[in-house]
Amino acid sequence: MPADRSEALPTARRPHRLAGGQPGLLEPGASTDPYRLRLYRILRTDFPLGHDPGLGAWLLSRYEDVVLALTDPRFTGYPHDGAPRGPVPAPLGLCRGSLVCTPLPESGTAPAATDTPAVTAADPDPGPAPAVERAAYVLARRIAGRDRADLVGEFCRWLPAGADAVGPGLSFPDPNAPPRPGGGADDCARQTGLRERALASFLANMLDDPDLLAAVAGGGAGAGMLLHRAWAETLRRDPPVQIVLRRTRTEVRVSGGTLPAGEAVACLIGAAGRDPARFAAPDRFDPLRADADPLFSGPAGCPAALLGRLEAEHGLRALLTAMPRIRWAEGFRPTSSGVLTRGPRTLLVRPS
């Protein structure tokens with residue numbers, strides 16, 4: 001077991017400790033980078049079951065315990081009982097678990113990214129893919145001629161907000177405007193903030209690997225599958241939602257002890273996704289890893305989960321088509337922040 005060397009860190013970067021030495025999840029400094037601070041590692045190894053008074057919940061950080069809480073019927077939603085009980089996984093990834101959301105139709109394989117495709121009224125319903133692709137191409141072309149651009153502010157924020165509105169004669173909505181009133185079947189898809197963070201993390205991972213970019217840009221039969229696996233790997237390694245809350249319906253035995261009945265439980269998705277007991281080289285971004293896990297992608301029929309994947313795949317294709325030489329701006333390195341939700345706040349690139 002690796003030794004805890006957090007005491008060697010500067011004081012401002014050490015995870016704050018609660019009584020008994022347990023790291024405080026919501027204490028100052030924890031949200032900066034729980035991975036670099038080894039906060040998740042300390043919890044997995046030394047405090048696999050502990051109560052965090054700031055969060056008001058018991059913490060589960062090991063993969064096996066988090067999967068149990070997400071799939072076992074002895075756990076239910078928090079604060080309400082409406083969230084799914086096992087064997088269907090609880091809402092995670094981009095899914096909010098809305099009971100009124102209707103699954104979106106799955107689209108077919110995306111066409112080669114040569115130009116914006118035309119969709120006629122006579123075509124069968126292709127799902128949301130054409131609208132997402134049109135939005136991605138419009139955005140990519142707007143920034144292609146610049147010397148420098150921020151993909152978060154000029155692409156990631158706009159693509160989820162505009163994908164359902166772009167079409168002949170339509171313009172992008174203002175991503176800073178308040179949400180549209182009312183609920184309904186598309187309520188889950190309207191929540192674009194998490195998709196923005198997930199898309200930013202996906203693009204950061206891909207831009208960090210020129211070989212991956214070249215493989216995607218080259219097209220071919222395997223490019224679509226590579227994109228799909230890279231998206232799933234992003235949700236494992238850099239999940240936009242780091243914590244999923246559950247509640248015990250009865251006492252439950254986990255690896256670190258016993259959870260009382262009727263208690264709130266915080267499933268630390270960010271810790272479970274990098275558990276070395278489950279994943280080899282867990283900090284490495286590897287779309288081709290043999291130990292991939294579909295759990296972190298969320299329910300396949302969730303509108304937000306499907307839209308997020310389409311925005312990642314079509315978004316990257318559009319950027320590579322409009323900006324074949326896209327790369328990081330000189331001296332820039334992407335960094336993420338947040339411990340409840342997480343993602344890069346800025347992605348500075350040179351489009352050409």
Side-chain angles (χ1 to χ4, degrees), residues 94 104-119 123 126-146 149-167 172 192 195-235 238 240 285 287-288 297 304-328 334 343-344 347 349-352:
L94 298 175
L104 291 174
E106 179 67 84
S107 57
T109 302
T114 56
D115 204 346
T116 306
V119 179
D123 291 334
V132 173
E133 189 170 21
R134 282 193 296 268
Y137 272 83
V138 170
L139 288 169
R141 288 167 180 158
R142 285 183 176 180
I143 62 178
R146 301 183 187 177
D150 175 14
L151 291 183
V152 172
E154 300 180 71
F155 191 85
C156 299
R157 186 170 304 150
W158 285 80
L159 182 54
D164 63 345
V166 171
F172 283 97
T192 61
R195 296 190 349 245
E196 172 192 331
R197 292 179 179 85
L199 178 58
S201 293
F202 171 78
L203 294 178
N205 287 330
M206 296 299 288
L207 286 166
D208 263 346
D209 194 326
D211 292 335
L212 272 177
L213 283 183
V216 171
M225 181 55 68
L226 181 59
L227 280 172
H228 189 86
R229 292 178 67 100
W231 171 246
E233 174 72 344
T234 293
L235 294 179
D238 302 292
F285 180 74
L288 301 180
S297 298
L306 174 57
L307 284 171
R309 177 174 64 81
L310 291 174
E311 287 156 4
E313 295 176 4
H314 287 298
L316 183 61
R317 288 182 186 272
L319 289 171
L320 290 176
T321 300
M323 297 163 266
R325 298 179 57 205
I326 186 172
R327 59 199 183 279
W328 293 129
L347 295 176
V349 299
R350 294 191 65 180
S352 60

Note to self: Using every non-hydrogen atom in the two residues, find where Trp328 and Pro334 come nearest and quote the distance to one decimal.
What the structure shows: CZ2-CG, 3.6 Å
Notebook entry, point to check: Is the side chain of Asp150 donor-acceptor paired with the backbone N or O of Leu347 at a distance under 3.5 Å, no angle test?
Noted result: yes
Next item on the list: Could you tell me which non-hydrogen atom of Leu306 sits nearest to which non-hydrogen atom of Pro128, and how far apart they are?
Entry: CD2-CG, 4.3 Å
Checklist line | Non-hydrogen side-chain atoms of Phe285 and Glu233 separated by less than 4.5 Å | finding: yes
Note to self: Any side-chain to backbone donor/acceptor pair from Arg195 onto Pro160? Under 3.5 Å, distance only.
What the structure shows: yes
Notebook entry, point to check: If we only count heavy atoms from C-beta on, is the Leu316 to Leu213 side-chain gap below 4.5 Å?
Noted result: yes
Check: Hey, what do you get for CZ (Arg309) to CG (Leu235), rounding to the nearest 0.5 Å?
Finding: 11.0 Å
Note to self: Looking at every heavy atom in both Trp231 and Ala198, which two are closest together, and how far apart are they?
What the structure shows: CH2-CB, 3.5 Å
Next item on the list: Would you please name every residue forming a salt bridge (Lys or Arg N to Asp or Glu O under 4.0 Å) with Glu196, sequence neighbours left out?
Entry: Arg157
Notebook entry, point to check: CG/Leu319 to CG/Leu203 distance, rounded to the nearest 0.5 angstrom?
Noted result: 6.0 Å
Check: Are any of the side-chain heavy atoms of Ile143 and Met323 separated by less than 4.5 Å?
Finding: yes
Next item on the list: Sequence neighbours left out, what passes side-chain contact (heavy atoms from CB on, under 4.5 Å) with Ala322? Give chain and number order.
Entry: Ala140, Ala144
Check: So how far is it from Asp238 CG to Arg197 CZ, rounded to the nearest 0.5 Å?
Finding: 14.0 Å
Notebook entry, point to check: So which heavy atom on Gly315 is nearest to which on Leu159, and how close?
Noted result: CA-CD2, 4.2 Å
Next item on the list: Test side-chain contact (heavy atoms from CB on, under 4.5 Å) on Arg350 and Ile326 and set out the steps.
Entry: CA-CA 6 Å; Arg350 294 191 65 180; Ile326 186 172; over 6 Å; no
Check: Distance from His228 atom NE2 to Glu313 atom CD, nearest 0.5 Å?
Finding: 7.0 Å
Check: Shortest non-hydrogen contact from Val152 to Ala200?
Finding: CG2-CB, 4.0 Å
Check: Is the closest side-chain heavy-atom distance between Pro344 and Ser201 below 4.5 Å?
Finding: yes
Item checked: Partners passing side-chain contact (heavy atoms from CB on, under 4.5 Å) against Ala232 (at least two apart in sequence or in another chain) -> Ser297
Check: Which heavy-atom pair separates Arg317 from Tyr137 by the least distance, and what is that distance?
Finding: O-OH, 4.4 Å
Notebook entry, point to check: Which value, rounded to the nearest 0.5 Å, describes the distance between His314 atom NE2 and Leu227 atom CG?
Noted result: 9.5 Å
Note to self: Using a 3.5 Å distance criterion without hydrogens, assess whether the side chain of Arg327 forms a donor-acceptor pair with backbone atoms of Arg325.
What the structure shows: yes
Notebook entry, point to check: Once you round to the nearest 0.5 Å, how far does CG of Leu288 lie from CG of Leu226?
Noted result: 6.0 Å
